[in-house]
Amino acid sequence: MKLLENRTALITGASRGIGRAIALQFAKAGANIAFSDLAYDDNARNLEDELKAMGVKAKAYASDASSFEHADILIDNIMNDFGRIDVLVNNAGITRDNLLMRMSEMEWDLVIKVNLKSVFNLTKAVQKVMLKQRSGSIVNMSSVVGVEGNAGQSNYSASKAGMIGFTKSIAKEIGSRNIRCNAIAPGFIETEMTAKLNDDVRKVWIESIPLRRPGYPEDVANVALFLASDLSTYVTGQVISVCGGMLT
Ligand code: NAD
């Protein structure tokens with residue numbers, strides 16, 4: 001029996017990057033995959049095809065994680081299509097980096113809405129389903145920056161720190177109903193999000209990593225699989241860093 005056999009997982013923002021790697025890793029472990037992103041584009045279509053070719057049920061949904069209304073509709077649609085949701089990975093996220101002096105109200109509001117409010121939206125919507133099922137695992141994609149802070153990322157680090165507070169509160173709130181909630185704090189992971197960084201910034205980051213290499217989406221996906229599966233049935237309210245030792 002595979003680790004996620006007969007389970008359904010929802011991963012937000014999964015058309016590329018870390019979310020995509022998690023979808024593939026979960027499918028390899030036997031899970032049926034519902035995933036969302038802002039648009040049903042070529043990336044989404046390709047991932048959907050790749051997942052189906054692995055022999056699991058898979059469906060992509062165009063849904064804005066930062067919208068409260070979209071979250072409810074998304075969960076209803078997935079319940080109609082799949083009949084259950086065992087795992088939610090709140091992965092959708094963006095950056096709008098700037099020094100506070102130059103940061104606009106829009107840059108602040110957008111990052112908080114997409115990274116933090118989305119976690120409230122999806123967790124609240126899926127909670128009803130998981131309470132009925134009397135089980136569930138919620139995994140929130142925070143960041144080392146949410147633990148440590150980072151100059152030029154006050155909006156992003158505030159959103160990621162907020163996710164950690166939310167994670168711990170939800171773990172305490174619904175742990176008695178056999179629903180677990182944990183966070184992952186990735187360090188420097190090579191995706192399109194970090195491809196924007198210039199070579200000097202990359203070099204400084206990598207020099208500060210004890211394992212002396214960037215992380216790959218698969219490194220994060222392995223920990224997500226652990227938290228999603230029964231390998232972690234006694235783990236809740238925790239933040240697990242996947243950062244090559246950067247946060248040590
Ligand atoms: P990415 O930019 O490659 O992918 C993010 C995905 O989220 C994209 O497909 C994007 O379209 C989607 N998305 C954005 N806004 C959305 C919305 N409102 N609704 C639905 N989908 C939306 O980023 P990534 O590097 O794969 O990051 C994934 C998560 O991991 C993010 O939450 C990010 O903050 C976090 N993270 C990444 C790193 C890193 O080094 N890459 C480090 C720490 C944390």
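Counting convention: from 1, in listed order, for ligands and their atoms alike. Just so you know, residue 1 is the first one in the sequence shown, and it goes up from there.
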Does only the side chain of Ser63 get under 4.0 Å from ligand 1, or the backbone, or both, or neither? Count heavy atoms.
backbone
Walk me through whether Lys203 and Asp200 qualify under salt bridge (Lys or Arg N to Asp or Glu O under 4.0 Å).
CA-CA 5 Å; Lys203 213 170 145 236; Asp200 288 346; over 6 Å; no
Are Ile85 and Phe120 connected in a single hydrophobic cluster, I mean Ile/Leu/Val/Met/Phe/Trp/Tyr linked by side-chain heavy atoms less than 4.5 Å apart?
yes
May I ask you to check if ligand 1 and Ile94 share an N or O to N or O distance below 3.5 Å?
no
Ignoring angles and geometry beyond distance, decide whether Arg16 reaches within less than 3.5 Å of ligand 1 through its nitrogen or oxygen atoms.
yes
Is it the side chain (CB and beyond), the backbone, both or neither of Val114 that lies under 4.0 Å from ligand 1, heavy atoms counted?
side chain
Side chains of Ile94 and Asn115, heavy atoms from C-beta outward: is any pair under 4.5 Å?
yes
protein heavy-atom neighbour closest to atom 32 (O) of ligand 1 works out as Asn91 O, 2.8 Å
Check this for me: does any side-chain nitrogen of one of Asp49 and Lys52 sit under 4.0 Å from a carboxylate oxygen of the other?
no
Which bit of Lys160 is near ligand 1, meaning a heavy atom under 4.0 Å away: side chain, backbone, both or neither?
side chain
Would you mind finding which of Gly17, Gly187, Gly13 brings a heavy atom closest to atom 7 (O) of ligand 1?
Gly13
Does an N or O from Thr191, backbone or side chain, lie closer than 3.5 Å to an N or O of ligand 1?
yes
Where the closest heavy atom to atom 43 (C) of ligand 1 is concerned, which of Ala185, Cys243, Gly215, Pro186 has it?
Pro186
For atom 8 (C) of ligand 1, closest protein heavy-atom neighbour:
Asp37 OD2, 3.6 Å
Identify the closest protein heavy atom to atom 36 (N) of ligand 1: which residue and atom is it, and at what distance?
Tyr156 OH, 3.5 Å
Residue and atom name of the nearest protein heavy atom (relative to atom 44 (C) of ligand 1), distance in Å to one decimal:
Ser142 O, 3.2 Å
Examine Thr194 against ligand 1 and note whether any of their N/O atoms are separated by less than 3.5 Å.
no
closest protein heavy atom to atom 26 (O) of ligand 1 is Ile18 N, 2.8 Å
Measuring from atom 22 (C) of ligand 1, which candidate in Ser67, Ala21, Ala92 has the nearest non-hydrogen atom?
Ala92
